[in-house]
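Remarks on the structure that follows.
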Amino acid sequence: MPRPLIFALLPLICCLTFFAHRVDADDSLTLDPANAILRGDFQNARILFEREHRGHVAFIGGSITEMDGYRPMVMKSLQERFPDTKFTFTDAGISSTCSTTGAFRLQRDVLDKGPVDLFFVEFAVNDDQDAMHSREAAIRGMEGIIRHARLHNPNADIVLTYFVNPGMLATSQQKKTPLSIAAHEAVAEHYQIPAIRLARQVASSISAGDLSWDVYGGTHPKPAGNRIAADLIDQLLDAAWKGDKSAEDAKLAAHPLPEPMDADSYFRGRLLDLAEVDLIAKATVKVPDWDALPGGKRGRFKRERLLCLEGVGAECSLKFSGTAIGAYVLAGPDAATVEVSIDGGEFQPVELYHHHSKGLHYPRTVMFATDLSNDAHQIKLRVAASPEHPGRQVARILNFVAN
């Protein structure tokens with residue numbers, strides 16, 4: 001490169017080098033304490049970690065939780081804070097899943113592994129971009145998780161973290177709160193749950209020129225972005241556990257449990273055993289021949305036995321109790337429109353196909369009825385004809401879900 005050009009570009013090179021240093025260095029980004037919201041009493045986990053030297057720490061969410069991201073960073077930080085503590089860590093992240101699916105799989109994926117002492121929950125992004133939840137649906141899913149966890153262990157300390165995608169970033173930069181975050185915050189305030197406003201931190205840092213979306217890493221953050229999340233969590237824990245108060249003098253205390261925000265939230269959520277399903281026509285429980293099917297398949301599901309309704313008229317029925325019924329499905333390129341009848345009522349169409357189904361057997365929870373009386377019910381499910389999409393004639397169900 002000609003020397004005059006080098007000198008001409010030198011100021012720009014120095015500027016870019018300085019900026020890269022600012023966003024990549026551990027101390028480069030000033031974190032706003034207002035984005036680590038401490039609510040309620042948050043001492044129970046600390047007492048167990050310091051006094052009994054053991055603790056069950058669980059993480060539930062979508063791909064942001066499942067990936068090698070903020071979760072292992074937080075795990076490492078906790079191990080460094082409490083070097084004499086034997087931790088059990090539960091990773092209950094499943095890509096693409098929303099808070100609705102989270103509420104129904106909570107018992108199997110988290111609570112069955114033992115009472116949770118410290119629980120990190122992340123669903124803001126998937127409730128927005130995958131499920132495209134209404135405020136009511138986002139509340140029902142998130143309250144279902146929080147309330148069920150507290151019913152299982154009243155002492156459980158919980159933290160919500162609000163990650164961000166491009167649409168949510170744009171909303172946050174306009175000083176507005178994305179719908180999913182606003183819904184989750186309402187639940188957090190009601191139950192006095194601490195929260196990490198990562199979306200707001202990222203938006204303000206980008207607007208100030210201290211960070212770029214590329215350096216943060218996008219919807220699935222790079223290490224720099226996950227580091228911001230983990231540092232905000234550390235900041236929250238510092239604020240909660242500061243001072244000289246000894247865990248030897250502190251006492252475990254159950255968190256208050258207010259009345260539900262929504263009596264039909266999914267805090268009674270559970271997965272139903274496929275053995276309870278009555279197979280009527282063209283219905284089998286099997287491991288699909290995935291190699292013969294078009295569309296992407298995720299490894300975690302490839303050995304699962306699914307209820308498969310194959311072809312128009314394929315039908316099954318199920319008796320259940322509760323206020324809501326749905327299905328946790330893998331909806332691929334051949335995902336059907338199904339018709340649903342509750343308690344002998346008229347059949348109503350429900351679409352299983354998702355906008356990501358074209359190239360992937362996509363995990364999602366589809367609700368069939370959500371405001372039933374809390375009694376015994378029966379559902380009948382059958383594959384409908386779809387003249388516009390003749391190739392969509394299959395329903396593959398991991399579990400029915402009920403609340």
Indicate yes or no: at least one non-hydrogen side-chain atom of [X] is less than 4.5 angstrom from one of [Y].
| X | Y | answer |
| --- | --- | --- |
| Lys380 | Ser317 | yes |
| Arg105 | Thr97 | yes |
| Leu398 | Leu271 | no |
| Thr101 | Arg364 | no |
| Arg227 | Met73 | yes |

Inset, instruction - Apply the test side-chain contact (heavy atoms from CB on, under 4.5 Å) to residues Ile233 and Thr161: give CA-CA distance (whole Å), side-chain angles for both, the deciding distance (0.1 Å), then the verdict. - result: CA-CA 9 Å; Ile233 290 171; Thr161 301; 4.0 Å; yes
State whether the side chain of [X] and the backbone N or O of [Y] hold a donor-acceptor pair below 3.5 Å, judged by distance alone.
| X | Y | result |
| --- | --- | --- |
| Arg382 | Ala314 | no |
| Arg71 | Met67 | yes |
| Gln129 | Asn165 | no |
| Asn403 | Arg268 | yes |
| Asp334 | Val394 | no |
| Asn226 | Tyr70 | yes |
| Ser180 | Ala124 | yes |
| Gln173 | Met168 | no |
| Gln393 | Pro390 | yes |
| Ser357 | Ala331 | yes |

Determine the minimum heavy-atom distance between [X] and [Y], stating which atoms define it.
| X | Y | result |
| --- | --- | --- |
| Asp234 | Ser77 | OD1-OG, 2.6 Å |
| His133 | Ala138 | CB-N, 4.0 Å |
| Asp262 | Phe267 | O-CE2, 4.1 Å |
| Lys282 | Gly313 | CE-C, 4.2 Å |
| Thr30 | Gln201 | O-NE2, 3.6 Å |
| Thr65 | Gly93 | CG2-CA, 3.8 Å |

Legend entry - Ion pair check, Arg197 and Glu185, cut-off under 4.0 Å: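 Counted as a salt bridge, because a side-chain N and a carboxylate O are separated by less than 4.0 Å.
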Inset, instruction - Take His255 and Gln192 through the test side-chain hydrogen bond (donor to acceptor under 3.5 Å, both in side chains) and record every step on the way to the result. - result: CA-CA 9 Å; His255 293 282; Gln192 288 297 286; over 6 Å; no
To the nearest 0.5 Å, what is the distance between [atom1] on [X] and [atom2] on [Y]?
| X | Y | atom1 | atom2 | result |
| --- | --- | --- | --- | --- |
| Met261 | Arg147 | CE | CZ | 11.0 Å |
| Leu272 | Ile397 | CG | CD1 | 11.0 Å |
| Ser95 | Arg300 | OG | CZ | 7.0 Å |
| Leu307 | Leu279 | CG | CG | 6.5 Å |
| Thr90 | Phe120 | OG1 | CZ | 12.5 Å |
| Glu189 | Ile37 | CD | CD1 | 7.5 Å |

Legend entry - Option among Arg140, Glu136, Glu143 that satisfies the side-chain hydrogen bond (donor to acceptor under 3.5 Å, both in side chains) test with Ser265: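 Only one of Arg140, Glu136, Glu143 forms a side-chain hydrogen bond (donor to acceptor under 3.5 Å, both in side chains) with Ser265, namely Glu143.
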Inset, instruction - Dump the intermediate steps for ring pair (Phe, Tyr, Trp, His ring centres under 6.0 Å) on Phe87 and Phe49, then the final yes or no. - result: CA-CA 8 Å; Phe87 285 105; Phe49 300 164; 4.9 Å; yes
Legend entry - Intermediate values then yes/no, side-chain contact (heavy atoms from CB on, under 4.5 Å), Arg298 and Leu360: CA-CA 8 Å; Arg298 290 180 178 155; Leu360 175 66; 3.5 Å; yes
Legend entry - Neighbour count >12 (heavy atoms, 6.0 Å) for atom CD, Glu388: no
Inset, instruction - Decide yes or no on ring pair (Phe, Tyr, Trp, His ring centres under 6.0 Å) for Tyr362 and Tyr353, but give the supporting numbers first. - result: CA-CA 9 Å; Tyr362 187 82; Tyr353 192 89; over 10 Å; no
Under 3.5 Å, side-chain donor or acceptor atoms of residues 283-291 against the rest of the protein: list the pairs with distances, not counting sequence neighbours.
{"unit_1": "Lys286", "atom_1": "NZ", "unit_2": "Glu310", "atom_2": "OE1", "d": "3.1"}
{"unit_1": "Lys286", "atom_1": "NZ", "unit_2": "Glu310", "atom_2": "OE2", "d": "3.4"}
{"unit_1": "Trp290", "atom_1": "NE1", "unit_2": "Lys302", "atom_2": "O", "d": "3.4"}

Inset, instruction - Decide yes or no on salt bridge (Lys or Arg N to Asp or Glu O under 4.0 Å) for Asp117 and Arg46, but give the supporting numbers first. - result: CA-CA 9 Å; Asp117 304 311; Arg46 176 193 181 189; over 6 Å; no
Inset, instruction - Apply side-chain contact (heavy atoms from CB on, under 4.5 Å) to Val383 and Thr337, showing your working. - result: CA-CA 6 Å; Val383 173; Thr337 299; over 6 Å; no
Inset, instruction - Would you sort out whether Phe104 and Tyr266 count as a ring pair (Phe, Tyr, Trp, His ring centres under 6.0 Å), showing the intermediate values? - result: CA-CA 7 Å; Phe104 289 111; Tyr266 304 135; 4.9 Å; yes
Legend entry - Asp84/His53 under side-chain hydrogen bond (donor to acceptor under 3.5 Å, both in side chains): CA gap, chis, key distance, verdict: CA-CA 6 Å; Asp84 297 326; His53 304 293; 5.2 Å; no
Inset, instruction - Start with the C-alpha distance between Ile196 and Tyr162, add both sets of side-chain angles, then the distance that settles side-chain contact (heavy atoms from CB on, under 4.5 Å), and finish with yes or no. - result: CA-CA 6 Å; Ile196 302 301; Tyr162 309 132; over 6 Å; no
Inset, instruction - Check the pair Ser99 / Asp127 against side-chain hydrogen bond (donor to acceptor under 3.5 Å, both in side chains), numbers first and verdict last. - result: CA-CA 6 Å; Ser99 65; Asp127 274 13; 2.7 Å; yes
Identify every side-chain donor-acceptor pair in residues 213-223 under 3.5 Å, counting partners at least two apart or on other chains, and give the distances.
{"unit_1": "His220", "atom_1": "NE2", "unit_2": "Ser63", "atom_2": "OG", "d": "2.7"}
{"unit_1": "Lys222", "atom_1": "NZ", "unit_2": "Asp214", "atom_2": "O", "d": "3.1"}

Inset, instruction - Tell me, please, which residues at least two apart from Arg108 pass side-chain hydrogen bond (donor to acceptor under 3.5 Å, both in side chains). - result: none
